Protein chains: 2
Amino acid sequence: MGISDRKEREKLEMRKRIISAAMEMFIHDGFEKTSIRNIAEKIEYSPATIYLYYKDKDELLYEVQGVAFAQLLDAFMNDVEGTTPIERLEGLMRTYVNFGFKHPDLYDLMFIMRSPMRAVDDEWPNCDEAFRFLISTVEPCMELLRFSNISTAALSLWTFTHGLVSLHIRDRIMILGMDEEQTRALVNAAVDEYLQMIKK
Amino acid sequence: MGISDRKEREKLEMRKRIISAAMEMFIHDGFEKTSIRNIAEKIEYSPATIYLYYKDKDELLYEVQGVAFAQLLDAFMNDVEGTTPIERLEGLMRTYVNFGFKHPDLYDLMFIMRSPMRAVDDEWPNCDEAFRFLISTVEPCMELLRFSNISTAALSLWTFTHGLVSLHIRDRIMILGMDEEQTRALVNAAVDEYLQMIKK
DNA sequence: CAAATTTAATAAACACTGTTCATAAAATAA
DNA sequence: TTATTTTATGAACAGTGTTTATTAAATTTG
């Protein structure tokens, strides 16, 4: 049936129209400050229409989260290069921090925001892939690193970079009393030092 | 003037009544889910009354933040013991993580929540003290640690523990697919390993 | 093609939120 | 006792996410 094909295509287009507007506004103003009414206004539809395509506001977040994780994975695959495993791991860490500093609002809704987590057993699209990228980057380094196993290794590496990015995004690093530039330099220095420490 | 003394006393009592209710509800339901109307209902006053004692909802948060930082400082002073500087540093790290796991909602509004940061040049009561405790605990260890200076040292130590706590509080660690108990064990293992790595 | 039916879109309402302001009540001063 | 200041509140404003009954459009059927 060509007619139901078109209908489905239109449905997908509408979902895309909604999610594009939503993502743009989430990045620009943040999730909380973006209202369903604002999104509706932007795409020139009624607020109620959005609920025909998405169950609730959280579902918009899930969708944007998926896109964001895909972007992070993209950054990993494009920017992480190097001949040795260790070089690749270092690249991964720097890419992660870079991503956080470059896209604070995306990072926020991926790793900091409350609520966006679905049920535990649910699939978390693109996030698992990004995490697996981490695992597969750490794995070949394990013999050269001081971690006792890959679980603590992955968690520790993630924790360190996430700590830096999240303290920065939520404006806590400024306790140190530095300007933006100094802060960034200090963060880079911390990453460099950490990368030294984990090596055997 | 005895009469204006009493008035001031009553004003303080009222502020305390409000902030106690607020804190209790922030801890129980979180900041966002606690409404001015709920707080007002709890202390059996009209919502408008609260605005006679606090400028807005954020000011309630600032106040609770102050109390929370005082509690963290308290935990530091009570639980951090040890004869050697390194032992004290290890105690500090474990106390910090413990605090975060024990009081997730307090930790949240201290280190994760958006907006609670006042102007940069403002005083941040009790937070600075807690931070200075960190500095003064790290300082005597510096010669035994692999950090190049105390700034990166303080930031790195804080970052690592904050990373662990905040990933846990915002339900991101569960990507590892572990239960609460396993997670806590892994977190402790990560802290232990990190404490080994930073030593010369 | 016209009528019946399904699909899509919306206006209006509900129950909330933080916050303000004019009004009323209580406490103090004159 | 009256006048004045302080304190408390009800009602309203502008906003939020979400639901529902109603209308308009598109599709299928006779």
Side-chain angles (χ1 to χ4, degrees), chain A residues 1-23 25-26 28-65 109 113-118, chain B residues 1-23 25-26 28-65 109 113-118:
Chain A
M1 262 306 227
I3 203 157
S4 62
D5 283 2
R6 176 177 56 83
K7 284 239 168 184
E8 197 161 327
R9 213 167 52 233
E10 283 174 350
K11 196 146 203 158
L12 281 175
E13 275 169 25
M14 188 63 170
R15 279 177 70 96
K16 189 157 196 172
R17 212 171 301 141
I18 293 170
I19 218 62
S20 296
M23 185 160 183
M25 297 173 81
F26 289 171
H28 197 267
D29 309 315
F31 178 77
E32 249 89 50
K33 286 185 182 171
T34 303
S35 73
I36 299 289
R37 282 174 179 81
N38 295 155
I39 299 171
E41 199 175 358
K42 182 154 196 164
I43 61 173
E44 295 177 294
Y45 277 84
S46 136
T49 303
I50 291 176
Y51 287 89
L52 298 177
Y53 296 88
Y54 288 96
K55 185 174 140 282
D56 52 23
K57 201 186 172 190
D58 277 346
E59 212 164 82
L60 294 178
L61 188 57
Y62 300 146
E63 197 95 357
V64 172
Q65 252 186 356
L109 89 225
M113 264 201 54
R114 205 155 219 159
S115 93
M117 307 298 297
R118 322 160 100 124
Chain B
M1 264 304 231
I3 204 156
S4 62
D5 284 1
R6 177 176 55 83
K7 284 239 167 184
E8 198 160 329
R9 212 166 53 232
E10 282 174 349
K11 195 146 206 159
L12 282 176
E13 274 168 26
M14 188 63 170
R15 279 178 69 97
K16 189 156 196 172
R17 212 170 302 142
I18 294 170
I19 218 62
S20 297
M23 184 159 185
M25 298 174 81
F26 289 172
H28 197 267
D29 309 315
F31 179 75
E32 249 89 49
K33 287 185 181 169
T34 303
S35 72
I36 300 289
R37 280 174 179 80
N38 295 155
I39 299 171
E41 198 176 356
K42 181 153 195 164
I43 61 173
E44 295 177 294
Y45 276 85
S46 137
T49 303
I50 291 177
Y51 288 88
L52 299 177
Y53 296 88
Y54 289 96
K55 183 174 141 281
D56 53 24
K57 202 187 170 188
D58 278 346
E59 211 164 86
L60 293 179
L61 187 57
Y62 300 146
E63 197 95 357
V64 172
Q65 253 185 357
L109 88 225
M113 265 201 53
R114 206 155 217 156
S115 94
M117 307 298 297
R118 323 162 98 123

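Every chain is numbered from 1 and lettered A, B, ... according to where its sequence line falls, protein lines coming before strand lines. Only this structure's heavy atoms are used, side chains among them; waters, hydrogens and symmetry mates stay out. As the structure is a computational prediction, the values presented were derived from the model and not from experiment.
- Between A:Tyr51 atom OH and C:dA12 atom C1' the separation is 15 Å, expressed in whole Å.
- Going from atom CG of A:Leu61 over to atom C1' of D:dG17 covers 14 Å, rounded to whole Å.
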Stepwise, does the side chain to side chain contact (heavy atoms under 4.5 Å, CB included) test hold for A:Leu61 with A:Tyr54? CA-CA 10 Å; A:Leu61 188 57; A:Tyr54 288 96; over 6 Å; no
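- Looking at which nucleotide of DNA chain C each of B:Glu10 and B:Lys55 is closest to, the 5′-most match is held by B:Lys55.
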Contact letters for nucleotides 9-15 of chain D, in which S counts primed atoms plus P, OP1 and OP2 and B counts the base, heavy atoms under 4.0 Å: BB-B---
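- The 5' end of DNA chain C is approached more closely, in terms of each residue's nearest nucleotide, by A:Met14 than by the other of B:Lys57 and A:Met14.
- In this entry the distance linking NZ of B:Lys33 with C1' of C:dG18 reads 18 Å, nearest Å.
- At least one side-chain heavy atom of B:Ile36 sits under 4.5 Å from a side-chain heavy atom of B:Tyr51.
- At whole-Å resolution of the value, CZ in A:Arg17 and C1' in C:dA9 are 13 Å apart.
- Atom CG of B:Asp56 is separated from atom C1' of C:dT17 by 14 Å (rounded to the nearest Å).
- Without hydrogens or angle criteria, A:Asp56 side chain to A:Glu59 main chain gives a donor-acceptor distance under 3.5 Å.
- Under the 4.5 Å side-chain criterion, counting only non-hydrogen atoms from C-beta, A:Met14 is in contact with A:Thr49.
- In this structure, A:Ile18 atom CD1 and C:dT10 atom P are separated by 11 Å, rounded to whole Å.
- Between the CD atom of A:Glu32 and the C1' atom of C:dG18 there is a distance of 15 Å, rounded to whole Å.
- Salt bridge present: A:Arg15 and A:Glu63 bring a charged side-chain N and a carboxylate O closer than 4.0 Å.
- Atom CD in B:Glu8 sits about 13 Å away from atom P in D:dT6, given to the nearest Å.
- OP1 or OP2 of D:dA8 has at least one side-chain nitrogen or oxygen of B:Tyr53 nearer than 4.0 Å.
- Contact of the B:Arg37 side chain with the B:Glu41 side chain is not registered, since no non-hydrogen atoms from C-beta on lie closer than 4.5 Å.
- For A:Ser46, there are no side-chain hydrogen bond (donor to acceptor under 3.5 Å, both in side chains) partners, not counting sequence neighbours.
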